[in-house]
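Written below as structure tokens is the structure these notes are about.
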Amino acid sequence: MNISIFGLGYVGCVSVGCLAKNGHHVIGVDVSQTKVDQINAGKATIIEKDIDHIIADQRAKGNIEATTDSKEAILKTDISIIAVGTPSSDKGHLNLSYIFKVAEIAGLGIKEKKDFHVIAIRSTIMPGTCDKFASIVEEVSGKKRNVDFAIVDNPEFLREGTAVDDYYNPPLTLIGSDNADAAEKVASLYRQLPGEVIVTDLKIAEIMKYVNNTFHALKISFGNEVGNICAEMGIDSHKVMEIFCKDKQLNISPYYFKPGFAFGGSCLPKDLKGLQTLAHDLYVNVPVIESINKSNELQINRAVELIQHTEKKRIGFLGLSFKAGTDDLRNSPAVTVVETLLGKGYEVKIYDKNIYLSNLTGTNKAYIDHHIPHLSKLMVSDINELGKDVDVIVINNKEKEYLEVLEKTPDTTVIVDMVRLPEALRAKKNYKGINW
Ligand SMILES: NC(=O)c1ccc[n+]([C@@H]2O[C@H](COP(=O)([O-])OP(=O)(O)OC[C@H]3O[C@@H](n4cnc5c(N)ncnc54)[C@H](O)[C@@H]3O)[C@@H](O)[C@H]2O)c1
């Protein structure tokens, strides 16, 4: 395929070389005459393992050229890949001015182009950028999105230092698109590469890189804080994290990575507090670990606010324990929500198939007696009773029979979902998910 690549920095230079090596004809475009001259002289614009040989070899074979003439590059190619910089502004926002400048330039090329043109944005961009890019192209070119051209988001996952190796071994290839043909055309560029090709919504692809990199930063800071605590106690932090990483069921796994309600129960809050206090006693600052509980409290507030925004006063709860299949009420975030609502004058009814008040004992009973002393007056023993005389049902545990009740609720009842109900229930009128 004939490809133009805008931006001959780290991402652009690697893409020029690797796509040419994979059999494409590539035109590199940059505003820097120096970088254009470097590529035309068969030299890489960056210092990176293997890329200098690849550029030299592919240039010698005639598979690569470079220019400052953007319009010409658009006219001569089927796809344009955008790899210009997206640095931070002084206030921490993303500076997208280079991206939008390219949109104007691309518009000028597309104005004169007869064939359909695909633009794949490889730079890291905020959700909504592809739409704005497309409207600039439409305005400048007078052409129509998805009729004359398409915009696809195709984030790059390479790391400097191992960029060529990362290019050929991506964890996955991500394509955000509202145009199936354009997505297919971009996917075909990476046919030789391993890893799953995921085609998804534009905004999902656009936010992905931020989610990935923020998580990577979180991993580093978490590892460092654990290391700092261990070091103060003479514990080998590397051995600790090595063992930590061996647990592929709960630690390094998709488990717990589902957006939803706050955590609770008798272990997570207690042990989090324990590690925090240990760090405190050792005079070790652990701001990341300390922020976890704050974040959890905010998630409980979010649930209360979601219920308040329904502007209804009679609230039913399906499930009160911190997760399905248990009667453990200790530190259940739903208990805090109920307690808060009662304090604000709401009427509350609760059904939980696992809770028999007469069977509650020990710290579990003490906890609930302290937080909701008159819980027995709020509980209903028949699940079908719950739907009567309430305007809102909050679903807090995903039990099969709870879902059956929700299927039957009238559309006038608001469903507030903490557990991500199945799609059919999410489609109900007056449905609200906590964070989806
Ligand atoms: N560097 C990385 O490791 C890496 C990895 C993944 C994603 N990214 C993302 O990819 C994007 C590019 O990063 P980079 O490190 O390659 O940037 P870079 O600063 O090295 O290169 C950007 C290039 O774009 C050129 N440019 C600017 N305006 C232009 C225009 N109108 N037309 C043509 N060229 C223009 C600049 O002259 C420069 O050569 C960024 O969004 C970055 O966040 C970077």
Side-chain angles (χ1 to χ4, degrees), residues 3-19 26-40 43-51 55 65-74 76-77 80-89 92-110 119-130 132-133 136-137 140 152-176 190 193 205-217:
I3 306 163
S4 44
I5 298 185
F6 285 71
L8 293 172
Y10 277 89
V11 170
C13 182
V14 171
S15 303
V16 166
C18 294
L19 282 164
V26 186
I27 304 178
V29 187
D30 206 293
V31 287
S32 157
Q33 186 65 51
T34 312
K35 291 190 182 185
V36 166
D37 292 344
Q38 279 175 303
I39 295 289
N40 283 331
K43 293 194 174 107
T45 60
I46 53 165
I47 304 291
E48 188 69 42
K49 189 173 169 286
D50 296 334
I51 194 64
I55 295 281
E65 57 185 287
T67 178
T68 53
D69 188 341
S70 319
K71 201 187 343 169
E72 182 78 357
I74 298 257
K76 280 184 171 171
T77 56
S80 297
I81 291 176
I82 314 301
V84 299
T86 51
S88 284
S89 72
H93 296 108
L94 201 60
N95 174 359
L96 291 167
S97 58
Y98 301 111
I99 290 279
F100 295 137
K101 185 77 203 156
V102 173
E104 286 174 25
I105 294 164
L108 293 174
I110 287 169
I119 295 178
I121 302 187
R122 202 95 171 115
S123 303
T124 303
I125 49 170
M126 279 287 164
T129 307
C130 283
K132 183 156 180 209
F133 192 106
I136 294 172
V137 174
V140 174
V152 165
D153 187 52
N154 175 218
E156 171 60 69
F157 296 123
L158 62 75
R159 295 160 299 171
E160 288 172 23
T162 52
V164 172
D165 200 40
D166 287 348
Y167 179 91
Y168 284 117
N169 296 287
L172 50 90
T173 295
L174 184 60
I175 297 170
Y190 307 113
L193 303 186
E206 287 174 320
I207 204 167
M208 219 56 231
K209 188 74 199 215
Y210 293 97
V211 177
N212 288 358
N213 277 348
T214 303
F215 180 55
H216 300 162

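As a basis for the values below, the full set of heavy atoms in this structure was taken, side chains included, without hydrogen atoms, waters or symmetry mates. Order of listing sets the numbers, starting from 1, for every ligand and every atom in it.
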Subject >> Candidate with minimal heavy-atom separation from atom 28 (N) of ligand 1, of Phe6, Tyr98, Tyr10 >> reply: Tyr98
Original post:
Which residue owns the protein heavy atom closest to atom 30 (C) of ligand 1, what's the atom, and how far is it?
Top reply: Val31 CG1, 3.6 Å
Subject >> Nearest-contact summary for atom 36 (C) of ligand 1 - protein heavy atom, Å >> reply: Asp30 OD1, 3.5 Å
**OP:** Show which atoms of ligand 1 fall inside a sub-4.0 Å distance from at least one heavy-atom site of Leu158.
**Re:** 3 (O), 5 (C), 6 (C)
Original post:
Under 3.5 Å, side chain of Glu104 to main-chain N/O of Val140, donor-acceptor pair present?
Top reply: no
Subject >> Exercise: do Asp30 and Ser32 side chains pair donor with acceptor under 3.5 Å >> reply: no
Subject >> Any Thr67 side-chain heavy atom under 4.5 Å of Glu72 side chain >> reply: no
**OP:** For Gly7, counting its heavy atoms only, list the atoms of ligand 1 lying under 4.0 Å from any of them.
**Re:** 23 (C), 24 (O), 25 (C), 33 (C), 34 (N)
**OP:** Give the residue and atom name of whichever protein heavy atom lies nearest to atom 17 (O) of ligand 1, and the separation in Å to one decimal.
**Re:** Gly85 CA, 4.1 Å
Subject >> Heavy-atom side-chain proximity of Phe6 to Ile74 below 4.5 angstrom >> reply: yes
Original post:
What's the shortest heavy-atom distance between Thr86 and Thr124, and which atoms?
Top reply: OG1-O, 2.9 Å
Original post:
Quick one: are Thr129 and Asp153 in side-chain contact, heavy atoms under 4.5 Å?
Top reply: no
Subject >> Numbered atoms and elements of ligand 1 in range of Ser123, under 4.0 angstrom, heavy atoms >> reply: 10 (O), 11 (C), 41 (O)
Subject >> Protein residue, atom and distance nearest to atom 21 (O) of ligand 1, heavy-atom basis >> reply: Gly9 CA, 3.2 Å
Original post:
Where's the contact between Ala83 and ligand 1, heavy-atom distance under 4.0 Å: side chain, backbone, both or neither?
Top reply: backbone
Original post:
atom 6 (C) of ligand 1: which protein heavy atom is closest, and how many Å away?
Top reply: Lys209 NZ, 3.1 Å
Original post:
Between the candidates Asn212, Ile125, Thr124, which shows the shortest non-hydrogen contact distance to atom 42 (C) of ligand 1?
Top reply: Thr124
Original post:
How close do Val11 and Arg122 get, heavy atom to heavy atom, and via which atoms?
Top reply: CG1-CG, 3.9 Å
Original post:
Of all heavy-atom pairs between Ala103 and Val137, which one has the smallest distance, and what is that distance?
Top reply: O-CG2, 3.6 Å
Subject >> Protein contact to atom 35 (C) of ligand 1 [nearest heavy atom, distance to 0.1 Å] >> reply: Val84 CG1, 3.4 Å
Original post:
Does a side-chain heavy-atom distance below 4.5 Å link Val164 with Lys49?
Top reply: no
Original post:
Relative to the heavy atoms of Val29, which atoms of ligand 1 are at a distance of less than 4.0 Å?
Top reply: 33 (C), 34 (N)
**OP:** May I ask you to check whether over 12 heavy atoms, not counting those of Phe157, lie within 6.0 Å of atom CZ?
**Re:** yes
Original post:
Considering only the protein, which heavy-atom contact is closest to atom 8 (N) of ligand 1, and what is its distance?
Top reply: Val11 CG2, 3.6 Å
**OP:** Find all atoms of ligand 1 within a distance of less than 4.0 Å from any non-hydrogen atom belonging to Thr86, and give their numbers and elements.
**Re:** 40 (C), 41 (O), 43 (O)
**OP:** Write out the residue and atom name of the closest protein heavy atom to atom 31 (N) of ligand 1, then the distance separating them to 0.1 Å.
**Re:** Val102 CG2, 3.6 Å
**OP:** With atom 3 (O) of ligand 1 as the reference point, say which of Lys35, Lys101, Glu160 has the nearest heavy atom.
**Re:** Glu160
Subject >> Any Tyr210 side-chain heavy atom under 4.5 Å of Leu94 side chain >> reply: yes
